[in-house]
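What follows is one structure encoded as structure tokens, with my remarks underneath.
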Amino acid sequence: MTEATNKEEKIQKKALLGLSLTELQDVVKVLGMPRFTAKQIAEWIYVHHVKSIDEMTNISKNNRAKLEEEYEIGCAGPIDAQHSKDGTIKYLFPTRSGKFVETVFIPETGGRATLCVSSQVGCKMNCLFCQTGKQGFEGSLPASDILNQVYALPEVDELTNIVFMGQGEPMDNLDNVLRATQALTAPWGWAWSPKRITVSSVGIRGKLKRFLEESDCQVAISLHDAIPEERASLMPAQRGMSIEEIVELLSNYDFSHQRRLSFEYIVFGGLNDDMQHAKAVVKLLKPLDCRVNLIRFHQIPNVPLHGASDEVMEKFRDFLTEHGVFTTIRASRGQDIYAACGLLSTSKKIGEIRK
């Protein structure tokens, strides 16, 4: 039996993971099961996190057999893990299409633990400073593959927060990201508060507005330079939806209560780290109730950028804070295992695994 045949067998059954309660009701109706069975299935998946249909013991054996003919849970554990000296763990998860994505578990002091999930294999955005973009784009993940990074995580019971800041641009895969966040926050799903989930974006015309309308999750915008021409040289997406348009759109929403808006700003030495750039950030973000996270740059091959010193970053932070923009310097985690911001890529791993 060929490797291709094996892969086809793995994905021939449909995944239950990621289906909404309404969709599960449609499934049981087609299979001739009682309507209430859908709620039982949802509870087994999203509350009890079962790994097989056979574990759904309050569903009759006959109905479980019917379900297993066409469906499986859709969960698959990580096939590789790299451990950082700071406690961060980078996992490699298989997808249902035979590809791989990286996911980063970040334990913190005080019992907080954050999971950085991926929404695509590779990325179309091709930001100059990001290793994922150098991998190229290999496909968007279905909701089942997005949720599997949570579902099959060994430390799932420790999680307090999830950030969509892994591989890919979430707004470029908006339908599946919304399906995943719905399952994480709905009463029939994980029932998490939307405050525990942050979705990051470079800003995609039409998609960002839709996300703001259809989700209550926190929002993070990749800024990195408040001067439009310079931002375009770092981030080609600036030409699709400019940072000025993004700010104008965001100014129509209320971020003064439960929902939080933040901007991510990687500080590059000698490029976007002086007072001219700090003043541009203050001017740009003046209409918004938001915060800025300053991020250290982590060198990637063949990119002529380097990080700024701690002293420069602190000066930048202090200027923004003094001028009304609450700003923090994000602690860099997992750099020794290439799990820090901008370093995720599975191109090498894919080559190694397929040999």
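Any value given below was found using the heavy atoms of this structure, including those in side chains, with hydrogens, waters and symmetry copies removed.
- Judged purely by atom type and a 3.5 angstrom limit, T37 uses its side chain to pair as donor or acceptor with the backbone of P34.
- A cation-pi arrangement is found for K124 relative to F137, the charged atom lying closer than 6.0 Å to the ring centre and inside a 45° cone about the ring normal.
- A donor-acceptor pair is defined here as one N or O able to donate and one able to accept, closer than 3.5 Å; no such pair exists between the side chain of S118 and the backbone of Q120.
- Between the side chain of R196 and the backbone N or O of T160, at least one donor-acceptor pair lies under 3.5 Å.
- Ring pair H49/Y151: centre-to-centre distance below 6.0 Å.
- Here the side chains of P142 and S97 are not in contact, with every heavy-atom distance at 4.5 Å or above.
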Steps toward side-chain contact (heavy atoms from CB on, under 4.5 Å) verdict (L16, L67): CA-CA 10 Å; L16 292 171; L67 199 56; 4.1 Å; yes
Criterion ring-ring contact (aromatic ring centres under 6.0 Å, His included) on Y265 and F316, from CA distance to verdict: CA-CA 11 Å; Y265 194 100; F316 201 98; 5.2 Å; yes
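- Dense packing is recorded around NZ of K66, with more than 12 heavy atoms of other residues, nucleotides or ligands lying under 6.0 Å away.
- Side chain of N272 to backbone of F268: a donor-acceptor contact under 3.5 angstrom is found.
- Between atom CG of residue L234 and atom SG of residue C127 there is a gap of 8.0 Å, rounded to the nearest 0.5 Å.
- For the 3.5 Å distance criterion, the side chains of T88 and D86 qualify, holding a donor opposite an acceptor.
- Considering only heavy atoms from C-beta on, L249 comes within 4.5 Å of L208 through its side chain.
- Not one N or O on the side chain of T114 forms a donor-acceptor pair closer than 3.5 Å with the backbone of I162.
- Inter-residue side-chain proximity for V219 and V199 is flagged as unmet; no heavy-atom pair is nearer than 4.5 Å.
- The shortest side-chain heavy-atom distance between V325 and K286 does not fall under the 4.5 Å cut-off.
- Checking Q167 against S119 by side-chain atom types alone, no donor-acceptor pair falls below 3.5 Å.
- The pair K209-E213 meets the salt-bridge criterion, since a charged nitrogen lies less than 4.0 angstrom from a carboxylate oxygen.
- Connection of V303 to I266 is established within a shared hydrophobic cluster, with ILVMFWY side chains joined at heavy-atom distances below 4.5 Å, either directly or through further cluster members.
- Contact of the T181 side chain with the F164 side chain is registered, since non-hydrogen atoms from C-beta on lie closer than 4.5 Å.
- For S242 (side chain) and Q238 (main-chain N/O), no donor-acceptor pair under 3.5 Å exists by modelled atom type.
- For the residue pair S60/N63, the side-chain donor-acceptor check at 3.5 Å is satisfied.
- Ion pairing between a basic and an acidic side chain is recognised when a charged N comes within 4.0 Å of a carboxylate O; D336 and K85 show no such pairing.
- Of the listed residues (E155, Q149, Q82), just one forms a side-chain hydrogen bond (donor to acceptor under 3.5 Å, both in side chains) with Y91, and that residue is E155.
- Without hydrogens or angle criteria, E169 side chain to V202 main chain gives a donor-acceptor distance under 3.5 Å.
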Full working for side-chain contact (heavy atoms from CB on, under 4.5 Å) between I45 and W188: CA-CA 10 Å; I45 295 171; W188 49 260; over 6 Å; no
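- From T185, atom OG1 reaches atom CH2 of W192 across 11.0 Å, with rounding to the nearest 0.5 Å.
- Using a 4.0 Å cut-off between charged side-chain N and carboxylate O, D216 and K195 make no salt bridge.
- Note that CG of L17 is 9.0 Å distant from CG of D145, once rounded to the nearest 0.5 Å.
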From CA spacing to verdict: salt bridge (charged side-chain N to carboxylate O under 4.0 Å, His left out), D310, R296: CA-CA 9 Å; D310 288 349; R296 290 175 175 81; 3.2 Å; yes
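- For NZ of K51, the number of neighbouring non-hydrogen atoms (other residues, nucleotides, ligands) closer than 6.0 Å is greater than 12.
- Here R205 pairs with E245 in a salt bridge; the nearest charged N to carboxylate O distance falls below 4.0 Å.
- For R64 and E55, the salt-bridge test fails: no basic side-chain N is under 4.0 Å from an acidic carboxylate O.
- Residues satisfying the side chain to side chain contact (heavy atoms under 4.5 Å, CB included) test with A331, not counting sequence neighbours, are none.
- From F36, atom CZ reaches atom CG of N58 across 9.0 Å, with rounding to the nearest 0.5 Å.
- When only modelled atom types and interatomic distance are considered, Q182 and S20 share no side-chain donor-acceptor pair under 3.5 Å.
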Test side-chain contact (heavy atoms from CB on, under 4.5 Å) applied to S84 and R333, step by step: CA-CA 8 Å; S84 168; R333 300 291 301 274; over 6 Å; no
Worked verdict on M275 versus F319 for side-chain contact (heavy atoms from CB on, under 4.5 Å): CA-CA 8 Å; M275 287 303 101; F319 182 90; 3.7 Å; yes
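- Formation of a donor-acceptor pair under 3.5 Å by the H277 side chain with backbone atoms of L271 is found in this model.
- Atom-to-atom distance recorded for F326:CZ and C290:SG is 11.5 Å, nearest 0.5 angstrom.
- In the hydrophobic clustering, where aliphatic and aromatic side chains (Ile, Leu, Val, Met, Phe, Trp, Tyr) are joined below 4.5 Å either directly or transitively, V163 groups with M165.
- Side-chain contact check for E264 versus I295: some heavy-atom pair is nearer than 4.5 Å.
- Rounded to the nearest 0.5 angstrom, N176 CG and L178 CG are separated by 9.0 Å.
- For the residue pair R260 and Q218, no side-chain donor N or O sits within less than 3.5 Å of a side-chain acceptor on the partner.
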Derivation and outcome, ring-ring contact (aromatic ring centres under 6.0 Å, His included), residues F129 and H224: CA-CA 10 Å; F129 47 84; H224 310 311; 4.8 Å; yes
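- With K14 as reference, E70 is the one residue of E70, E69, E72 to meet the salt bridge (Lys or Arg N to Asp or Glu O under 4.0 Å) rule.
- When only modelled atom types and interatomic distance are considered, S309 and E311 share no side-chain donor-acceptor pair under 3.5 Å.
- Q135 and T346 share a side-chain donor-acceptor pair at under 3.5 Å.
- A donor-acceptor distance shorter than 3.5 angstrom exists from the side chain of Q299 to the backbone of L305, with no hydrogens or angles considered.
- Put simply, the side chain of Y71 does not reach to within 4.5 Å of the side chain of K13, judged on heavy atoms.
- Looking at residues two or more places apart in sequence or on another chain, you find a salt bridge (charged side-chain N to carboxylate O under 4.0 Å, His left out) between R210 and D175, E214.
- Residues L294 and R330 are not in side-chain contact: their nearest non-hydrogen atoms beyond the backbone lie 4.5 Å or more apart.
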Audit row: E102, S345, side chain to side chain donor-acceptor pair (under 3.5 Å) steps and yes/no: CA-CA 7 Å; E102 291 187 325; S345 174; over 6 Å; no
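- There is no side-chain donor-acceptor pair under 3.5 Å between D289 and S256.
- Side-chain atoms of R96 do not come within 3.5 Å of backbone N or O of C75 as any donor-acceptor pair.
- Contact record, F297 with G307: CD2-N, 3.8 Å, taken as the closest heavy-atom pair.
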